[in-house]
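Both counts, for ligands and for their atoms, begin at 1 and track the order of listing. Hydrogens, waters and symmetry mates are skipped; everything else that's a heavy atom, side chains included, is used.
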Amino acid sequence: MKSAPAPVLQKNQFASDNYSGICPQAWQAMAQANQGTAAAYGNDPWTARACDLLRDFFETDCQVFFVFNGTAGNSLALAALCHSYHSVICHESSHVETDECGAAEFFSNGTKILLVPGEHGKVDLDAVAHTVARRSDIHYPKPKVLSITQATELGTVYCLQELQAVGAQARHLNLHLHMDGARFANALASLAASPADISWRAGVDVLTLGGTKNGMAVGEAVIFFNRGLAEEFDYRCKQAGQLASKMRFLAAPWIGLLESGAYLRNAAHANRCAALLESELRKIKGVTLTHPRQANAVFVSMPPSLIESLRTRGWHFYTFIGSGHARFMCSWNTLEADIAALVADMRELAARLPDQAPPE
Ligand SMILES: *Cc1c(COP(=O)(O)O)cnc(C)c1O
């Protein structure tokens with residue numbers, strides 16, 4: 001028998017929080033759920049407990065569904081809010097638009113995504129109003145949903161007042177409000193507000209709540225604060241291949257993370273690491289912050305030659321998000337030593353660059 005291949009350890013990694021593994025609390029919860037048999041398809045005690053914990057977390061009687069990933073969670077949630085002749089308004093850099101391969105349009109049978117601009121990844125509310133008001137005739141896909149991302153794709157966070165303004169605008173324009181919360185925990189950790197305040201109390205109808213990037217192996221929760229909108233959502237999940245038969249293993253990690261408090265601690269750690277990285281990068285010649293750092297990502301512009309030489313040294317980071325600046329993402333298991341090593345390399349490589357104006 002051939003032995004298992006040695007794992008390729010991806011060191012020097014600031015590409016994404018989903019490069020990280022499973023945090024201990026999620027891992028232990030899965031091990032605890034791995035005893036004996038349990039009813040399939042979500043009719044098990046772990047699923048019931050995880051739903052109850054999420055209701056406690058949000059201080060409301062919301063309806064909860066567990067799916068395998070964020071693309072499914074977002075697109076099925078949006079499909080549930082729309083008919084095929086409706087449209088969904090979201091930011092031009094939103095994951096729904098740029099990173100889901102048309103899944104929202106696919107699962108909603110053709111609902112159109114309408115894009116709005118906005119500074120640093122946050123929707124411009126005047127542009128939202130304009131998108132709704134510019135046409136009211138039958139030839140235009142009727143706007144039905146506003147979808148926002150918290151924390152945003154550009155590493156910023158809507159503060160409580162901004163969220164309340166978004167909620168008020170959605171209500172005023174008669175739009176359902178969806179929130180892509182792949183990094184909701186990171187937003188929560190950076191705000192002095194409760195999960196309820198920054199979701200349903202601000203008017204969010206449906207939230208796709210991230211688990212994977214917070215330290216789970218797999219899984220996100222779709223949370224309907226507006227329970228009427230959840231009608232037959234279970235059928236939608238099943239048809240889309242998102243109803244796990246061994247559901248307890250999607251549910252148990254939520255128990256582990258919520259009961260231990262690791263859900264918030266993991267996010268706070270990632271945010272702290274990003275804050276440290278930000279303060280160090282600000283000191284490096286030729287490196288400029290391009291978005292305010294409010295969660296666990298640092299976006300910077302730097303000379304292309306510096307990007308290249310960092311990659312040559314084995315550093316992993318993305319340059320395809322937003323306007324193509326470099327993104328350094330921290331996670332629940334980022335170490336201060338990782339940050340120190342990156343900063344040391346950047347400092348050294350930047351010092352070798354010929355003096356020149358930094359690129360736009
Ligand atoms: C990661 C992410 C998702 C979920 O992506 P999947 O790969 O489908 O799990 C959704 N929205 C945002 C903003 C993300 O960063």
Dump the intermediate steps for side chain to side chain donor-acceptor pair (under 3.5 Å) on His95 and Thr71, then the final yes or no. CA-CA 8 Å; His95 199 269; Thr71 299; 4.7 Å; no
Donor-acceptor pair between Asn18 and Thr212 side chains, under 3.5 angstrom: no
Within the 3.5 Å criterion, strictly below it, is a donor on Ser16 or His316 matched to an acceptor on the partner's side chain? no
Could you tell me, atom by atom, which parts of ligand 1 come under 4.0 Å of a heavy atom of Ala182? 2 (C), 3 (C), 10 (C), 11 (N), 12 (C), 14 (C)
Does NZ or CZ of Arg311 fall inside the cone over Phe317's six-membered ring, less than 6.0 Å from its centre and within 45° of the axis? yes
Look at ligand 1 and say whether Arg183 reaches it with a heavy atom at a distance under 4.0 Å. yes
Counting from 1 in the order shown, the ligand 1 atoms closer than 4.0 Å to a non-hydrogen atom of Asn69 are 8 (O), 9 (O)
Measure Glu220 to ligand 1 on non-hydrogen atoms and call it side chain, backbone, both or neither using the 4.0 Å cut-off. neither
Non-neighbouring partners of Asp126 that pass salt bridge (Lys or Arg N to Asp or Glu O under 4.0 Å), sequence neighbours left out: none
Is ligand 1 less than 4.0 angstrom away from at least one heavy atom of Thr149? yes
For atom 6 (P) of ligand 1, what is the nearest protein heavy atom, given as residue, atom name and distance? Gly70 N, 3.7 Å
Give me the ring orientation class for His120 and His291: parallel if the planes are under 30° apart, tilted from 30 to 60°, perpendicular past 60°. perpendicular
More than 12 heavy atoms of other residues, nucleotides or ligands under 6.0 Å from CD of Glu259: is that the case? yes
Suppose I only count heavy atoms of Lys213 and a 4.0 Å limit; which atoms of ligand 1 are within that range? 1 (C), 2 (C), 3 (C), 14 (C), 15 (O)
Enumerate the atoms of ligand 1 whose separation from the nearest heavy atom of Thr71 is less than 4.0 angstrom. 6 (P), 8 (O)
Test your reading of the structure: does Asp180 have an N or O sitting under 3.5 Å from an N or O of ligand 1? yes
Name the closest protein heavy atom to atom 5 (O) of ligand 1, giving the residue it belongs to and the distance to 0.1 Å. His95 CE1, 3.4 Å
